[in-house]
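Input: a single structure, listed below in structure tokens.
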Amino acid sequence: MLRPLLLLLLAFALSSCILLVEEDEPRRPVQPVQPVTPVQPSIATPGPGSFTYRCSGGTLVVNYLDSNNLRLFYDGAFQSLSLVRRSPTLLFSGGAGGAYTWEWTGSRGTLTVRGQVVLSNCAL
């Protein structure tokens, strides 16, 4: 009599059990990821027009003729410079003997003559 009761109890206990089985997800092939090189946004050329910059070392007037060319007045003479680089800063070069460079970050500029910084921290 005890045996049928145990079998009945075992049958009742097993019917209320839930068996969880994990299934492996199908493996997806791994594809190599190409590293992304960050792109520096180019800085817009001011102008066209004439702009007066207040600098450490003096004042500089720059006349932007178009997006690639400018004329600046420094040390008693006009110098014509052309754009040579647009990113990460605008860099214009030229003038007498290619001695002048004007570099503009978008908020500050620097004038270099024959490799020497003559005006720095220039701002509108």
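Everything numeric here is computed off the predicted structure, so don't read it as measured data.
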- request: Could you tell me whether the side chain of Ser50 reaches within less than 4.5 Å of the side chain of Val61, counting heavy atoms only?
  value: yes

- request: Would you please name every residue forming a side chain to side chain donor-acceptor pair (under 3.5 Å) with Gln79, sequence neighbours left out?
  value: none

- prompt: Is the Trp104 to Phe51 ring centre distance short of 6.0 Å?
  reply: no

Worked verdict on Asn69 versus Ser82 for side chain to side chain contact (heavy atoms under 4.5 Å, CB included): CA-CA 5 Å; Asn69 299 287; Ser82 297; 3.1 Å; yes

task: For the residue pair Arg86 and Asn68, establish whether any side-chain heavy-atom pair is separated by less than 4.5 Å.
output: yes

query: Step by step, would you call Trp102 with Leu60 a side chain to side chain contact (heavy atoms under 4.5 Å, CB included)?
result: CA-CA 11 Å; Trp102 169 245; Leu60 179 66; 3.5 Å; yes

field: Minimum heavy-atom distance Thr59-Leu119, with the two atoms named
entry: O-CD1, 4.3 Å

- prompt: Of the non-hydrogen atoms in Thr101 and Leu111, which two are nearest, and what is the gap between them?
  reply: O-CD1, 3.2 Å

- prompt: Is any side-chain heavy atom of Pro48 less than 4.5 Å from a side-chain heavy atom of Asp66?
  reply: no

Which atom of Gly98 lies closest to which atom of Ser93, heavy atoms considered: O-OG, 4.3 Å

message: Applying side chain to side chain contact (heavy atoms under 4.5 Å, CB included) to Tyr53 and Leu124, what does each step give before you reach the verdict?
response: CA-CA 5 Å; Tyr53 295 91; Leu124 292 171; 3.4 Å; yes

message: Measuring from atom OG1 of Thr105 to atom CG of Leu91, what distance do you get when rounded to the nearest 0.5 angstrom?
response: 12.5 Å

task: Please step through side chain to side chain contact (heavy atoms under 4.5 Å, CB included) for the pair Arg85 and Leu90, ending with a clear verdict.
output: CA-CA 6 Å; Arg85 184 182 72 212; Leu90 293 177; over 6 Å; no

